[in-house]
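A short worksheet on the structure shown next.
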There are 4 protein chains.
Amino acid sequence: MIKAGIIGATGYAGGELVRILMGHKEVEIKWYGSRSYIDKKYYEVYQNMFQIVDDVCLDDNIEALAEQVDVIFTATPQGFLASLLNEDILSKVKIVDLSADYRIKDVATYEAWYKIQHKSPQFIEEAVYGLCEVNREDVKKARLVANPGCYTTCSILTIYPLAKEGLIDMSSIIIDAKSGTSGAGRGAKVDNLYCEVNENIKAYGVASHRHTPEIEEQLGYASGENVVLNFTPHLVPMNRGILATAYANLKPSVTEDMVRAAYDEYYKEEKFVRVLDKGLCPQTKWVEGSNYVDVNFVIDNRTNRVIMMGAIDNLVKGAAGQAVQNMNLMFGLPETEGLNLVPMFP
Amino acid sequence: MIKAGIIGATGYAGGELVRILMGHKEVEIKWYGSRSYIDKKYYEVYQNMFQIVDDVCLDDNIEALAEQVDVIFTATPQGFLASLLNEDILSKVKIVDLSADYRIKDVATYEAWYKIQHKSPQFIEEAVYGLCEVNREDVKKARLVANPGCYTTCSILTIYPLAKEGLIDMSSIIIDAKSGTSGAGRGAKVDNLYCEVNENIKAYGVASHRHTPEIEEQLGYASGENVVLNFTPHLVPMNRGILATAYANLKPSVTEDMVRAAYDEYYKEEKFVRVLDKGLCPQTKWVEGSNYVDVNFVIDNRTNRVIMMGAIDNLVKGAAGQAVQNMNLMFGLPETEGLNLVPMFP
Amino acid sequence: MIKAGIIGATGYAGGELVRILMGHKEVEIKWYGSRSYIDKKYYEVYQNMFQIVDDVCLDDNIEALAEQVDVIFTATPQGFLASLLNEDILSKVKIVDLSADYRIKDVATYEAWYKIQHKSPQFIEEAVYGLCEVNREDVKKARLVANPGCYTTCSILTIYPLAKEGLIDMSSIIIDAKSGTSGAGRGAKVDNLYCEVNENIKAYGVASHRHTPEIEEQLGYASGENVVLNFTPHLVPMNRGILATAYANLKPSVTEDMVRAAYDEYYKEEKFVRVLDKGLCPQTKWVEGSNYVDVNFVIDNRTNRVIMMGAIDNLVKGAAGQAVQNMNLMFGLPETEGLNLVPMFP
Amino acid sequence: MIKAGIIGATGYAGGELVRILMGHKEVEIKWYGSRSYIDKKYYEVYQNMFQIVDDVCLDDNIEALAEQVDVIFTATPQGFLASLLNEDILSKVKIVDLSADYRIKDVATYEAWYKIQHKSPQFIEEAVYGLCEVNREDVKKARLVANPGCYTTCSILTIYPLAKEGLIDMSSIIIDAKSGTSGAGRGAKVDNLYCEVNENIKAYGVASHRHTPEIEEQLGYASGENVVLNFTPHLVPMNRGILATAYANLKPSVTEDMVRAAYDEYYKEEKFVRVLDKGLCPQTKWVEGSNYVDVNFVIDNRTNRVIMMGAIDNLVKGAAGQAVQNMNLMFGLPETEGLNLVPMFP
């Protein structure tokens, strides 16, 4: 059995990691780290885990943890892991970091968007960007995986085949994304109160959301171009789910068949990416609770644009599920172990 | 592998049965019966099942089905199974009936509340009321199991230990229940439209809901008394979940310790019933997607009443999960097979 | 024009008071008191008020305020007004207190349930309990009105005619109430986050909610008996609305006609109480945004109980609307002025 | 008093019209037309109107109606009014048509997008497109006003100042819109059931939604160019509200100040359009129940695009409120009469 520790086990992403790992045959959680709830029973924080998890919450001593487990998941605020990571730790455990600390290769970009000094840039080069569908082979060999953001996972996988195949004008990309409220975390803020979110929709972080450079960097690798794009997130009155609606100009003489062929080629072997039948638009409810990404597209001949759409569960494929998928690859396990989660409807 | 057929596979309960059986190691579904969608791919009706279920919907020919499978689940309207069942069918397959046809032992009571003539009363005696926690041994030997209703499962398990132990005045029971909207089914009715249900709560079927006699009959068996009670269902703006809040007068000199001891005794070995720690009230979200029933109670010394509370997921323990639990017992499988579903939060 | 000041103008009840008074022809708000937002524009706290209210938030200096206005609304935490009120203030302004400070005539009961020492019990006797339908004439003469609680308004008006007419056994009353989340206020608490409330229902404050003694006291006056009852509140995933489902044993030989006659008699002249047609259950959505109370009942002949139901908008009839109704009476204005609010559907 | 008739009074837009007109001092509704509910009390269809409206529903005989009222509102399916309108009717009454029949000046475009033959194209020229903020003077003189669509009202007013002032590249416009579910109407369809919409978001009508040509035509008039754009609607789990997020390339050397000046200039006198303070994104909840349009923008210097945002209540400014605003202009009443609706929050 692989021994796992979670730092930040009582946030929503941490909680989802626990839910998924409970169904994973090869992993047992040995450490429920939560600075806020030390010595409290984990199930007292998440009562759904009553009689399932009997452990108490521990602090977030990563050095001690590294001695005891094979893999650490850090579901922590930006800067936390970067401030603590060292070679000694990495020599003892593999790490899947759900924060943004090692996602962006260019330190200056990271520091500019996150308004934080990066404390351990020496590990950025080594860290593998854990979008399994794109970097599968590198993930398998990694000690340190930077688990992608929720919006970024959805956005990149929605656009990737067309970027990679050069079918769209990379300077024309606009991503309009919509997220459920669990993406905002479990912090007690007025803006996230039920009465403020319910019966309401708004954009936020317009032209300034920190997932933007991450999407740009990855689509840059895919297309071989420097990519600058618009990304606008919206808050939707639902618990889970991200829908990305992305727009781009088709390059000259690109046909619908070429676009569909690109999606089919890149995703036909991918267990977790479902290219929907023609005419169907992804719905977040169809992937809820699962690790799936549903994608599809429509071409508007009037404007010569392609509208690309993708849906994920932000806590699964957008966080904990993808983290487990990365772990599976890092430990040579079947990629789908623990992740055969059938979407729940309704 | 046990071969299963589902008649009524495209209702919400039928869909949940498919979701759960996808994770069951010993069962494969051979027949997706749906009169409304014959020849349509099942995933076209429930797009969450895309690339998971590739079968087409078949009609509801129970005779043909009985030749091909080991167990039939009927998630059908009241009267359907009763009008078709015969000894020949029962000699070939086991049946778990999610409708009310064989739940109530007294035909006259059934016919009075359901306003329907019972077409095969000869099987009522044989049918086992499939509340596993109460009738486990009988279910193991049954050919025909009447799967309990959603409100009834929640209500009975909430009250059962106190009824059985004679701690409450059985003539004083009032059950005020609240259900998510999936309990109303997938039929296209104005009353169940999003805009009619959202931001709204109402009682319905007051003093006339058809789950009333089922609860009364079962609590009657438990207490050895003839039970008449009040049951009031309410429609709540959420997809899943039932919360039952039940009130009863304590019998003289019944103490809190006695009440807690009763719950602990009846449920301490029950995997799917969780008696919460003192002071905690069940929440439907804590059991969502799982087969759990969370129960607890508060004693009001001022009025000498006990307030009993129970929460389930109406589609799981209230329908499909319990049906699988019954099937497991009927086929000698571990009772929890396929049902180790961790509640999803949030 | 009557000059009004609001202390606690930035809570949800305070905000609703502003919304309603904007449509009141005889009142202008001169003081938006909010300790948390002093000097901030009111519309920056409630952006719905942009270009409608241009005032800044002021502190909660009640002495200064009493010099400048004719009426003060206190939408403040328990104990606030009691700690500041004096004869000098009351000699200058009328006060409608939306807190519980002067609702309960028995100081010991107040102190026991609220766990607070009452700092100005000398005004309790004078204060009029502002349930207009019951105490209209007293309200007209009052300097100090204790505006009823949200649950209490709904519960009392639902039961009142039968209590007053002696048609029910007062020792048998059970009130199972369900409230939208705005009743929990605008404080930033994890329990009230969107993801915790959405898709969830729970009871809370079981056998201990502080509205219990208030309901008991008022129904005691109505019936002329000492009343002890069960009151169980539930949190429902919606913004607004309270539904009370109340149960009681009918006294011998009470008929349905007698019950209906009681409701009709007490409410036939009441503009804001609507007794629904037979067979209809109140829905919170039907009163949303309005000052209405919708009530109705069903008699269960099997148990000889009456199920009484009532629905209100907790922020209007349950708080701000009723406060304005009281103010209208206190100043000799038409009782409905500013309150001809048509419920919004959907 | 102006006498009004409504054809289609029992749809959501018709219901909202009734709600608004109840508060209008100069209008009385004389005819509640509803083919589906003839002879039924209106309040039986919308119980919120109990004791407010006592009329019964009548049929939709527009000839008879024209004899009895001064203005007719048609909240009817596409093609209804076009198939019945004639000069005789128009000589007797003014008409505000909430359907699309007379919105689009080019018949071929109408017929292509609506897949319907236009039965009375002779009135298209005369009909005034009732976007009051744009066509105020023409509306005042009109006999027949084509009330704009919900998405179109929001989209056009969000973009209008920049289109009119020539600040954006009209060929680059992308509108990503999100709507509450009341926009889908009150028809009983599976897709609009609570359980299908709740906890879900999806795009629909991608590159084919019928509001597209209406937006294009109006922005074409504003800019003096032939406009072709992308419009993508999404269904959001909420009752009311539309948010439009629109993207366009800024023309060379256009500055933020120029953009803000354009909004300020066009809307500074507009009662119902609120240009938010810099940095604030419109939220649908801030306009709920009111006739406001909240707009704002962000410039992304990295991509040289402007992100324009607008929020309305789809049933008010997007339908019934705007219809009343048009009626006020047509009858020489103050434009805001009946429309001083303060947004309801929460």
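Every chain is numbered from 1, with letters handed out A, B, ... down the list of sequences. What's counted below: heavy atoms across the whole structure, side chains too, no hydrogens, waters or symmetry copies.
Within residues 189-200 of chain B, the residues approaching chain D closer than 4.5 Å by heavy atoms are, in numerical order, B:Lys189, B:Val190, B:Asn192, B:Leu193, B:Tyr194, B:Cys195, B:Glu196, B:Val197, B:Asn198, B:Glu199. Residues of residues 46-59 of chain D having a heavy atom under 4.5 Å from any heavy atom of chain B: none.
Interface remark: of the candidates B:Pro237, B:Gly187, B:Ser182, B:Pro237 forms the most heavy-atom pairs closer than 4.5 Å to chain D.
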